[in-house]
Number of protein chains: 2
Amino acid sequence: MPLEIGAESLSLLKVGDIARRTGKTVRAIHLYEELGLLNPAVRSKGGFRMYRGDGVKRIEWIQKLQDMGFSLTEIKVFLRVWEESATAPKAMATVREIFTDKLRETRETIARLTRLADELSESLAFLEGCRSCDQGQHQRECGGCGRSDHEVPLLVDGIAKR
Amino acid sequence: MPLEIGAESLSLLKVGDIARRTGKTVRAIHLYEELGLLNPAVRSKGGFRMYRGDGVKRIEWIQKLQDMGFSLTEIKVFLRVWEESATAPKAMATVREIFTDKLRETRETIARLTRLADELSESLAFLEGCRSCDQGQHQRECGGCGRSDHEVPLLVDGIAKR
DNA sequence: TCAAACCCTTACGTTTACGTAAGAGTGATA
DNA sequence: TATCACTCTTACGTAAACGTAAGGGTTTGA
């Protein structure tokens, strides 16, 4: 008769194993548990958290949502909504809603960052002209060059003020 | 003989004025001063901070850099580098460097967010198929439908686990 | 059975960009 | 001169996502 404990521990991972496989720290995993994002499958009789392989998947999922800009608290809400949905289609509908919102938000962020990148490019183009500035001029006298005010981008203009 | 004080105060702004014109709070402006990002032009004899109009520009500049992802501390370094550059062209070279770095970083962020948006779209497309799921099925039984594992996006798969 | 390597809980620390409150003085106006 | 709105300094509070340390058990393998 084989040892049940041995057979069990073959497929169960300790928190440190999960940490290594996900790149997270043990502390982070503990935190996720405190927040209700991930529970160990069982505890060893000594109290060790024992996880199944899908614990790794759950953490990768959390990571991805974090990358998308969800806070851990939002992720928690996400899970609760899921768990409280009586039927699968209803649960999926909620998930679709959340994802749709986040997709819109992400696209807005992309648009905003694109505008900022454009501004940066403009500023850099403007700064090219500063190469030919009188080499001995002190930075405090910057602004004294011939370039008219309205062509100075805000990103550059703000520095020299004061 | 006109009152000098009157003439002065005509063009000087109190911290509350600056706050209103920039949408920042008084506390925030105080913080910027603590961090060395913005100093009042003078103090009234009673100790009130008095700013010139370019204070507003400086704050708008700070706001823009924050939008770009600079921390206040980074902005401070930015200003110090500028102030310590002996000549204008040298100062501008440093600014170009910082902006170039940030531009690259911003583009990387845009690329990352674009990939995430794509993943979201994929997941949403997948979830369309869940509309036709057996209406009575409980969410806990999700995954029992005929769809093969490898076509389930991580963003969806991670929810149902555990 | 012993030791090294892990794990447990509890709880305070860290960073960022302010929020908020207290107690007191200032400035412009009636 | 009396107000009332504003401002001053000082200093503790806040939210997020862990980091870190302390004191003490648990596993596991030699």
Side-chain angles (χ1 to χ4, degrees), chain A residues 3-51 55 58-59 61-78, chain B residues 3-51 55 58-59 61-78:
Chain A
L3 294 174
E4 291 225 331
I5 293 179
E8 226 177 60
S9 61
L10 271 182
S11 57
L12 288 179
L13 303 168
K14 286 186 288 188
V15 67
D17 301 324
I18 297 280
R20 261 185 300 280
R21 293 182 190 209
T22 59
K24 296 280 181 183
T25 63
V26 170
R27 174 65 176 112
I29 297 172
H30 285 171
L31 177 65
Y32 297 160
E33 185 175 342
E34 280 176 40
L35 295 178
L37 304 185
L38 169 66
N39 288 111
V42 296
R43 290 269 191 156
S44 76
K45 75 179 169 190
F48 283 24
R49 294 167 175 81
M50 305 303 284
Y51 301 85
R58 171 58 67 92
I59 288 185
W61 176 75
I62 292 172
Q63 179 63 58
K64 213 160 253 302
L65 289 183
Q66 279 188 299
D67 287 348
M68 289 169 40
F70 284 98
S71 70
L72 293 182
T73 304
E74 285 174 319
I75 297 176
K76 176 181 183 170
V77 171
F78 201 146
Chain B
L3 296 175
E4 291 225 329
I5 292 178
E8 226 176 59
S9 62
L10 272 182
S11 57
L12 288 179
L13 303 169
K14 287 187 288 187
V15 67
D17 301 324
I18 297 281
R20 263 185 299 279
R21 293 182 189 209
T22 59
K24 295 282 180 181
T25 64
V26 171
R27 174 65 177 110
I29 298 171
H30 285 170
L31 177 66
Y32 298 161
E33 185 174 340
E34 281 175 40
L35 295 179
L37 304 184
L38 169 66
N39 288 109
V42 295
R43 290 270 191 155
S44 76
K45 75 179 171 191
F48 283 25
R49 293 167 176 81
M50 305 303 283
Y51 301 85
R58 171 58 67 92
I59 288 186
W61 176 74
I62 292 172
Q63 180 62 60
K64 213 158 252 302
L65 289 184
Q66 278 188 298
D67 287 348
M68 289 170 39
F70 284 98
S71 71
L72 293 182
T73 304
E74 285 174 319
I75 296 176
K76 176 182 184 172
V77 171
F78 202 146

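Side-chain atoms are counted along with the backbone in the values below, which use heavy atoms only and exclude waters and symmetry mates. Just so it is clear, the structure is predicted and the values come from calculations on it, not from any experiment. Here is the naming used below: chain letters follow the sequence lines, and residue numbers restart at 1 for every chain.
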Whole-Å distance separating the [atom1] atom of [X] from the [atom2] atom of [N]:
X	N	atom1	atom2	value
A:Ile59	D:dC18	CD1	P	11 Å
B:Met50	D:dT7	CE	C1'	11 Å
B:Asp17	D:dA5	CG	P	16 Å

Suppose we screen for side-chain contact (heavy atoms from CB on, under 4.5 Å). Which residues come up paired with [X], at least two apart in sequence or across chains?
X	result
A:Thr73	A:Ser71
A:Val26	A:Val15, A:Ala19, A:His30
B:Leu35	B:Leu31, B:Leu37, B:Leu72

**Message:** Let's see if you get this right: which residues in residues 62-77 of chain A place a heavy atom under 4.0 Å from DNA chain C?
**Reply:** none
**Prompt:** Would you write out the dot-bracket form of DNA chain C, 5' to 3', with Watson-Crick and G-U pairs under 3.5 Å, [ ] for crossing pairs, | for pairs to other strands and . for unpaired bases?
**Reply:** ||||||||||||||||||||||||||||||
**Set of residues satisfying side chain to side chain donor-acceptor pair (under 3.5 Å) with respect to A:Lys14, sequence neighbours excluded** =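 With neighbours one apart ignored, the set is empty.
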**Message:** If the condition is side chain to side chain donor-acceptor pair (under 3.5 Å), which residues does B:Gln63 pass it with, not counting sequence neighbours?
**Reply:**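 Scan of B:Gln63 (side chain to side chain donor-acceptor pair (under 3.5 Å), adjacent residues dropped) gives B:Lys24, B:Asp67.
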**Message:** Within this structure, what is the CD-CD1 distance for the pair B:Gln66 and B:Ile59, rounded to the nearest 0.5 Å?
**Reply:** 10.5 Å
**Distance (rounded to the nearest 0.5 Å) between A:Phe48 CZ and A:Leu12 CG** =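 Answer for the CZ-CG pair, A:Phe48 versus A:Leu12, is 13.5 Å.
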Residues which pass salt bridge (Lys or Arg N to Asp or Glu O under 4.0 Å) with [X], listed by chain and number, not counting sequence neighbours:
X	value
A:Arg20	A:Asp17
A:Glu33	A:Arg43, A:Arg49
A:Lys76	none

**Message:** Let's see if you can work this out: which of C:dT9, D:dC18, D:dC8 has an atom nearest to the side-chain heavy atoms of A:Arg43?
**Reply:** C:dT9
**Message:** Using side-chain contact (heavy atoms from CB on, under 4.5 Å), reason through B:Ile75 and B:Trp61 one step at a time and then give a plain yes or no.
**Reply:** CA-CA 10 Å; B:Ile75 296 176; B:Trp61 176 74; 3.8 Å; yes
Enumerate all atom pairs, one protein N or O and one N or O from nucleotides 24-27 of chain C, separated by less than 3.5 Å.
residue: C:dG27; atom: OP1; partner: B:Ser44; partner atom: OG; Å: 2.9
residue: C:dG27; atom: OP1; partner: B:Gly46; partner atom: N; Å: 2.9

**B:Met68 and B:Leu65: CA distance, side-chain angles, deciding distance, side-chain contact (heavy atoms from CB on, under 4.5 Å) verdict** = CA-CA 5 Å; B:Met68 289 170 39; B:Leu65 289 184; 4.0 Å; yes
**Request:** Would you mind telling me which residue lines up with the more 5' stretch of DNA chain C, A:Arg20 or B:Val26, judged by nearest nucleotide?
**Result:**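 In this pair, the answer is A:Arg20.
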**Item:** N/O (side chain, A:Arg49) to phosphate O (OP1/OP2, C:dT9) under 4.0 Å
**Value:** yes
**Message:** If I compare all heavy atoms of A:Tyr51 with all of A:Ile29, which pair ends up nearest, and what's the gap?
**Reply:**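 Of all heavy-atom pairs spanning A:Tyr51 and A:Ile29, the closest is OH-CG2, 3.6 Å.
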**Asked** Looking at DNA chain D, which of residues 27-35 of chain A put a heavy atom within less than 4.0 Å of it?
**Response**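 The answer is A:Arg27, A:Ala28, A:Leu31, A:Tyr32.
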